There are 2 protein chains.
Amino acid sequence: MPPKPVNAVRSLSAAALASVTGHDVARAAGVSQSTVSRAFRNDARLSQTKRAHVLEVAKALGYTPSHLGRSLVTRLTRTVGMAVTDLENPFYPHVVAPLHDALAGLGYRMVLFMERLEGGENDQLALDRLLDRSTDGIVLTTTLLGSAIPRELARRGLPFVFLVRVSDDVGGDCAVVDNALGASLMAAEILRHGHRRVGAIFGPAETSTGRDRERGLRAGLGVADVELPDELVCRGPYGVETGSSGMERLMKLPMPPTAIFCGNDTIAIGALNAARRRDIEVPGEVSLVGFDDLPMAGWDVFQLTTVHQPMEEMARTAAQLLVDRVEGRSEPGQVRRAVFEPLVVIRSTLGPPPKGRL
Amino acid sequence: MPPKPVNAVRSLSAAALASVTGHDVARAAGVSQSTVSRAFRNDARLSQTKRAHVLEVAKALGYTPSHLGRSLVTRLTRTVGMAVTDLENPFYPHVVAPLHDALAGLGYRMVLFMERLEGGENDQLALDRLLDRSTDGIVLTTTLLGSAIPRELARRGLPFVFLVRVSDDVGGDCAVVDNALGASLMAAEILRHGHRRVGAIFGPAETSTGRDRERGLRAGLGVADVELPDELVCRGPYGVETGSSGMERLMKLPMPPTAIFCGNDTIAIGALNAARRRDIEVPGEVSLVGFDDLPMAGWDVFQLTTVHQPMEEMARTAAQLLVDRVEGRSEPGQVRRAVFEPLVVIRSTLGPPPKGRL
DNA sequence: CACGTTGATGACTACGTATGCACAGAGTGC
DNA sequence: GCACTCTGTGCATACGTAGTCATCAACGTG
């Protein structure tokens, strides 16, 4: 009786990659695998002649050491994860890029974790990917205030650092700008121009930036006894749409504000778009300010007055803080907070209030 | 005699992560590691009761299967690399994000490889990172025409796909828009408005998009015997600065063009900025068109007439093509090219030439 | 000349997981 | 009661690398 035909729908052989390993190089060079490993790691105990020979053979065979094998045994991946929710927001590329470069400078590679939603079962899946040891540490940039993620990371002992935003129920190293201070400085600037009827389009209240910038603005205006009545306040996610619809609503009011503080530059740009659409002059009829100082804010079509935060420096610092944790150079119990100075950048969307509306 | 004190400056224990492994779970649940593995992979041969028990114990211990261990033995990382040079260019976030989502939908994660320069020793380092088996395949988006990278990937048998740009000396699956066609359609639109003196600010000649869009524009204008004299042509990288300086140069000419074709939207926006700076009316004094149709192009402050390319669909297709390769569903020798239809989007930066300058 | 000493190298194992194989026990048909 | 099939589980091994220990040759040195 002939053998039963093996009908298994074998998981299609993944292109049958003839991956060349250290053993192959060893065989071809007439040495042991250990020697190949040592040659690539420039181990001092290996003679230079043999090292040169091994490297030559390796090059001829097209050998590249496997990251998986190496990481498994060293228990170090030399990889850092970065959690971002919304890369299409013009803000994040400007934090991802410098962070990538900073990490590269420290010998680490960067992996992007983009998660759309937070909460629910989805959350567990996302968390698993953070915790599966493919990464030595995590940079958190889009954490919501009540997020379970930092808590879970702390519980599992995976190093992390907050960048831009923080979550205050779980302590952790962070690199942020002083958002409240920045907003209050901008409030002073608004007051200095003579505004007394001020509106705002804030970002989400469940983010530390949204909350702190609101707090700073209110405090700063309070100095001159200027209030921020509810009817002059809008709120929404950090996107152009929020600014656009907020602007529409505020300017339709019987007594619209003479200046509007926007939660970030993206919102401000959305507001500027609405202004253009409705033929509202800025700053002629209404002044508009942002926060972040995106490169875009300086473009001639915008010339947005805004609050600068030193993104490159913050990213560099976050990278350093995280790597220090990963490599065990930080005190385990001690939290290191890097708070940067905001800087008001004067351009041309903030002017005096229109005559007769003061 | 007391033992000699071990003074070794031991490589600072990386936070001494008590990583819990499948063996730990097995011990705690009173089963073997194999059973733990089977529980997590939902192996049919495992009884549901035991599976439930194992998962419960695993959850209590906070166990997450190691990506390294798994990938090493399965020889599949379920990870795809994406090579990008310049994330701060407003274009790329809009390709990274949909690609990430498409890959996630297919069960793959995405890793970003950002390399600043191409060429030189730097190149070898970057290449090594692509080839170290940390990835099942690569999406190439910023390939230069003569690049060694696709050649090397092909030689090593690592699957890859071109997205947006291609390199023609090495064949490979790709998802691109028909750039030449798009540019020629735009040329027809420019002609239809009555322009005869047309200028251009092209992207880099060493990119397929730069080359093909130029070719398409010239061909499209040629239909009406309109030439593109050298003095009306600028070239530069795909950034706002190129558009800005190009615009300055062209509009200072004794006989400036009445319409300018820009290599992409970013260049066009740079040109619009220069126009704003110099108080040049668009399209009153000069018409301006772009290519890509970034979300930004539709903003009220720009209202840029441009050529749309279906980025989400292209990204989805690229993801599918690559995964087909990785999982061995594609014919090894056969190249699959997905070429998408461009679409001219009429907004308000293209109008008739100014009277008396025709 | 016996004995450390040094320097260079290989054999071997661990890392955490998946999986082929063996095997135990329960059920089934005759 | 026996041969047989199933079902569930554990054992052992492999994946590619780093690093520990042993080995071995060459080389002074007293």
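Every chain is numbered from 1, with letters handed out A, B, ... down the list of sequences. Only a predicted model underlies this, so the values are computations on that prediction, with no experimental measurement involved.
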Starting from [atom2] on [N], measure out to [atom1] on [X] and report it in whole angstrom.
X        : N      : atom1 : atom2 : value
B:Arg78  : C:dA18 : CZ    : P     : 13 Å
B:Arg41  : D:dT9  : CZ    : C1'   : 16 Å
A:Leu131 : C:dT17 : CG    : P     : 13 Å
A:His67  : D:dC15 : NE2   : P     : 20 Å
B:Arg27  : D:dC11 : CZ    : P     : 13 Å
B:Asp43  : D:dC6  : CG    : P     : 18 Å
B:Phe40  : C:dT19 : CZ    : C1'   : 18 Å
A:His23  : D:dT17 : NE2   : P     : 8 Å

For this session: Kindly determine whether B:Tyr92 and B:Thr142 satisfy side chain to side chain contact (heavy atoms under 4.5 Å, CB included), including the steps that lead there.
Result: CA-CA 9 Å; B:Tyr92 289 106; B:Thr142 44; 3.0 Å; yes

Any side-chain N or O of [X] under 4.0 Å from OP1/OP2 of [N]?
X       : N      : value
A:Arg70 : D:dA18 : yes
B:Ser47 : D:dG8  : no
B:Ser32 : D:dG10 : yes
A:Lys50 : C:dA8  : no

Given [options], identify the nucleotide with an atom nearest to the side chain of [X].
X       : options               : value
B:Arg75 : D:dT9, D:dG10, D:dG16 : D:dG16
A:Val31 : C:dG10, C:dG16, D:dT9 : C:dG10
A:Ser37 : D:dA18, C:dT19, C:dT9 : D:dA18

Identify whether the distance between the nearest side-chain nitrogen and carboxylate oxygen of [X] and [Y] falls below 4.0 Å.
X        : Y        : value
A:Lys59  : A:Glu56  : no
A:Asp324 : A:Arg336 : yes
B:Asp24  : B:Arg27  : yes
A:Glu313 : A:Arg316 : no

Exercise. Can you list the steps and then say if B:Val170 with B:Leu153 is a side chain to side chain contact (heavy atoms under 4.5 Å, CB included)?
Worked result: CA-CA 10 Å; B:Val170 179; B:Leu153 294 180; over 6 Å; no

What protein N or O atoms touch nucleotides 12-14 of chain C N or O atoms at under 3.5 angstrom, if any, and at what distances?
from, atom 1, to, atom 2, distance (Å)
C:dC12, N4, A:Ser34, OG, 3.4

Problem set entry | From CA spacing to verdict: side chain to side chain donor-acceptor pair (under 3.5 Å), A:Ser32, A:Thr35 | CA-CA 5 Å; A:Ser32 73; A:Thr35 300; 3.2 Å; yes

Exercise. Which heavy-atom pair separates A:Leu87 from B:Pro93 by the least distance, and what is that distance?
Worked result: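 Of all heavy-atom pairs spanning A:Leu87 and B:Pro93, the closest is O-CB, 3.7 Å.
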
For this session: Using the closest heavy atom to pick a nucleotide of DNA chain C for each, name whichever of B:Leu68 or A:Arg38 lands nearer the 5' end.
Result: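 So the residue in question is A:Arg38.
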
For this session: Enter the inter-axis angle for the ends of the helix from C:dC1-D:dG30 to C:dC30-D:dG1 (five pairs per end, rounded to 10°).
Result: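 End-to-end axis angle: 60°.
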
Exercise. So what does A:Tyr63 touch, heavy atoms closer than 4.0 Å: a base, only the sugar-phosphate, or nothing?
Worked result: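 Here A:Tyr63 touches the backbone only, sparing every base.
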
Exercise. Backbone N or O of B:Ala39 within a donor-acceptor pair of the B:Arg51 side chain at under 3.5 Å?
Worked result: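 A pair under 3.5 Å: yes.
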
Exercise. Ignoring hydrogens and geometry, is there a side-chain-to-backbone donor-acceptor pair from B:His67 to B:Thr77 under 3.5 Å?
Worked result: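 Side chain of B:His67 to backbone of B:Thr77, a donor-acceptor pair under 3.5 Å: yes, one is there.
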
